[in-house]
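First the structure, in the form of structure tokens, and then the observations on it.
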Amino acid sequence: MSDYIAPLKDMQFVLKELAGLDQVAKLPGCEDVSVELVDQILEESGKFCGEVLAPLNQSGDAEGSKWDQGKVTTPKGFIAAYKQFVEGGWNALQFPPEFGGQGLPKLVATPVMEMWKAANLSFSLCPLLTGGAIEALLLSGTGALKQTFLPKMVEGTWTGTMNLTEPQAGSDLALVKSKAVPEGDHYRISGQKIFITYGEHDLAENIVHLVLARTPNAPEGVKGISLFVVPKFLVNADGSLGKRNDVHCASIEHKLGIHASPTAVLIFGEKEGAVGYLVGEENKGLAYMFIMMNAARFAVGLEGVAISDRAYQLALAYAKERIQSRDLAGGGKAVPIIRQPDVRRMLMSMKAQAEAMRALAYVVAAAMDIAHRDPDKALRAKHQAFADMMIPVVKGWSTETCIEVASTGIQVHGGMGYVEETGAAQLLRDARITTIYEGTTAIQANDLVGRKMAREGGATAKEVVKAMRVIEGELAQAQGEDMAAIRAGLAAGIKAVEECSTWIVSTYAADIKAVHAGSVPFLKLMGIVCGGWQMARAALVAQKRLAAKEGDTEFYQAKIATARFYADHILAQAPGLRNTVVRGAAGVMALTEEQF
């Protein structure tokens with residue numbers, strides 16, 4: 001899997017034609033962003049990922065990270081690669097210049113992060129968590145905490161973690177038992193945290209843990225959770241590293257995939273208590289942690305995009321070189337399997353879904369930039385509402401789909417896909433965690449139908465439907481059979497989303513279980529249709545470029561054909577999903593517990 005090639009053409013197309021790079025470049029703080037600069041960044045990132053990260057993916061998976069007496073050793077080559085990663089400034093891409101970052105918009109950082117994840121998912125998890133911790137400190141940390149920790153974290157010489165889960169407290173954080181006892185200007189933290197990604201490793205000088213814990217007089221439940229910075233090494237007044245804090249790694253997990261990423265069990269306060277510093281106010285830790293969680297959920301959604309594209313690349317290369325069977329149209333000799341219709345169908349399904357997921361993720365990244373930077377308060381609010389609604393979709397739909405796409409990739413390989421040497425099996429193993437961590441698909445779906453729809457009466461969903469209908473109208477004016485088919489598929493999808501949205505809003509208060517019984521199918525429906533919306537926009541742009549005889553003719557023809565496939569094969573699922581959402585609760589809730 002060392003021959004990873006970044007899908008630069010599609011990334012550049014989506015950035016410029018769908019996500020509105022030119023508009024993002026006009027936002028305050030983005031004035032230095034240009035198409036030329038972004039192209040250069042993407043090309044350099046592609047080289048780094050192809051030459052440095054990808055060659056370590058398969059060997060890192062085979063070797064895995066190792067634990068010994070509290071110390072964790074990452075696979076051969078990871079330390080050198082991480083050093084190059086930091087020296088190249090990649091970790092600092094999207095963070096504020098005042099802390100050593102490059103200040104680039106999230107839209108520019110998004111395709112770069114996609115490349116990291118496609119080239120080496122295990123490696124990419126370290127900067128993912130560091131980035132989330134940076135976001136939380138930027139928005140909620142005191143000036144002193146920011147000055148102490150952010151410059152090194154932005155640079156990447158210190159990494160970050162997110163410590164939520166405990167043995168008895170998985171998704172239900174109301175059950176968190178870790179304690180924080182005040183002591184002068186700090187707290188003493190004690191407790192156990194599990195499933196901590198890169199909770200211990202040998203890549204960086206220091207690890208900055210963000211930890212949820214309860215103070216002595218905290219109220220019960222989620223209202224009594226506070227957030228603390230607990231560094232592996234304490235930091236002296238001059239910024240140098242001091243003594244080891246009372247936090248230790250008891251073990252790392254043996255997992256189905258992402259073997260090179262150490263998933264740690266951490267023990268805080270086994271002796272005198274770990275020194276921790278309060279972030280924000282006491283008892284508001286969950287709100288602060290969700291800043292980090294939201295950043296992580298979007299990033300995990302990108303993992304779905306990345307794995308899907310990488311699986312497609314592997315399957316495509318194999319299908320072109322594997323000689324097997326005869327051409328169905330006749331002829332005596334064996335041909336590459338890409339000439340077989342069902343192999344074509346599988347490859348098209350992989351390609352179409354990867355492109356649809358990428359387009360939606362980049363559009364959401366642009367919305368987050370506008371929500372963060374635009375001077376118009378109303379416009380900021382509008383784009384924030386859109387991003388808030390779409391983040392669970394990007395996370396949930398992209399990750400569920402990537403498992404399907406990775407599995408299809410194994411099918412294209414046939415028996416060789418089941419053999420580790422091809423790399424196809426690793427992608428499926430790595431993909432399986434993505435629907436679980438940072439909130440399972442059901443948690444994303446419950447968030448979507450509850451907080452993002454029912455609570456606001458479906459207002460943002462109506463705006464999304466309105467925007468999709470504009471594209472449907474443009475398709476009606478376009479010429480050709482492909483455009484007519486794309487319009488038909490999108491129209492059916494829009495209708496399904498609109499009907500489900502109305503039903504969810506009207507049913508939620510009276511029968512919340514019925515809505516939640518169909519929440520995951522609804523999330524899938526939203527993903528499929530919003531992806532189809534972006535594919536339809538792409539087809540319209542491609543048709544205009546072809547008519548004007550501009551650019552890469554084959555790329556634009558392929559974009560239209562791929563959008564047509566998406567409409568016929570993927571959007572076609574929308575009416576059935578609508579029926580599942582609206583009618584499916586009876587079957588879900590029909591049995592008593594004893595009847596299972």
* Any donor and acceptor pair, going by atom type alone, linking the side chain of Thr161 with main-chain N or O of Gly199 inside 3.5 Å? -> no

* For the residue pair Trp116 and Phe85, does the interplanar ring angle fall in the parallel (under 30°), tilted (30 to 60°) or perpendicular (over 60°) class? -> perpendicular

* To do: Compute whether any side-chain donor of one residue and acceptor of the other, for Tyr82 and Glu87, lie under 3.5 angstrom apart.
  => no

* Structure fact -> In this structure, CD1 of Ile436 is separated from OG of Ser171 (nearest 0.5 Å) by 10.0 Å

* **Flag for Gln12-Asp39: side-chain donor and acceptor within less than 3.5 Å** => yes

Return a table of donor-acceptor pairs under 3.5 angstrom between the side chains of residues 527-534 and protein atoms on other chains or two or more places apart.
{"residue": "Gln534", "atom": "OE1", "partner": "Arg537", "partner atom": "NH1", "Å": "2.8"}

* First locate atom CG of Leu278, then atom OG1 of Thr142, and finally report the distance between them rounded to the nearest 0.5 Å. => 9.0 Å

* To do: Please check if the side chain of Asp369 supplies one atom and the backbone of Leu107 the other of a donor-acceptor pair under 3.5 Å.
  => yes

* Asked: Just how far is it from atom CE of Met11 to atom CG of Leu8, taken to the nearest 0.5 Å?
  -> 6.5 Å

* Using a strict 4.0 Å threshold on nitrogen-to-oxygen distance, state whether Glu355 and Lys559 make a salt bridge. => yes

* Asked: Is Arg358 salt-bridged to Glu114, going by a charged N under 4.0 Å from an acidic O?
  -> yes

* Asked: In this structure, are over 12 heavy atoms from other groups packed under 6.0 Å from Arg432 atom CZ?
  -> no

* So, for Met350 and Val405, which heavy atoms are closest and what is the spacing to 0.1 Å? -> CE-O, 3.4 Å

* Any donor-acceptor pair under 3.5 Å linking the side chain of Lys255 with the backbone of Ser261? -> yes

* Asked: Looking just at side-chain N and O atoms, do Glu400 and Thr441 make a donor-acceptor pair shorter than 3.5 Å?
  -> yes

* Passes side chain to side chain donor-acceptor pair (under 3.5 Å), Thr399 versus Glu303? Steps please. -> CA-CA 7 Å; Thr399 57; Glu303 292 176 8; over 6 Å; no

* Asked: With distance as the sole test, does Asn245 use its side chain to make a donor-acceptor pair with the main-chain N or O of Val275 at under 3.5 Å?
  -> yes

* Asked: Do we see a donor-acceptor contact under 3.5 Å between the side chains of Ser178 and Glu166?
  -> yes

* Any side-chain donor near an acceptor of the partner, Thr460 and Glu456, under 3.5 Å -> yes

* **Heavy-atom neighbours of Lys284 NZ exceed 12 at 6.0 Å** => no

Distance-only donor-acceptor hits, side chain of residues 25-33, under 3.5 Å, sequence neighbours excluded:
{"residue": "Glu31", "atom": "OE1", "partner": "Gly29", "partner atom": "N", "Å": "3.0"}
{"residue": "Glu31", "atom": "OE2", "partner": "Gly29", "partner atom": "N", "Å": "3.3"}

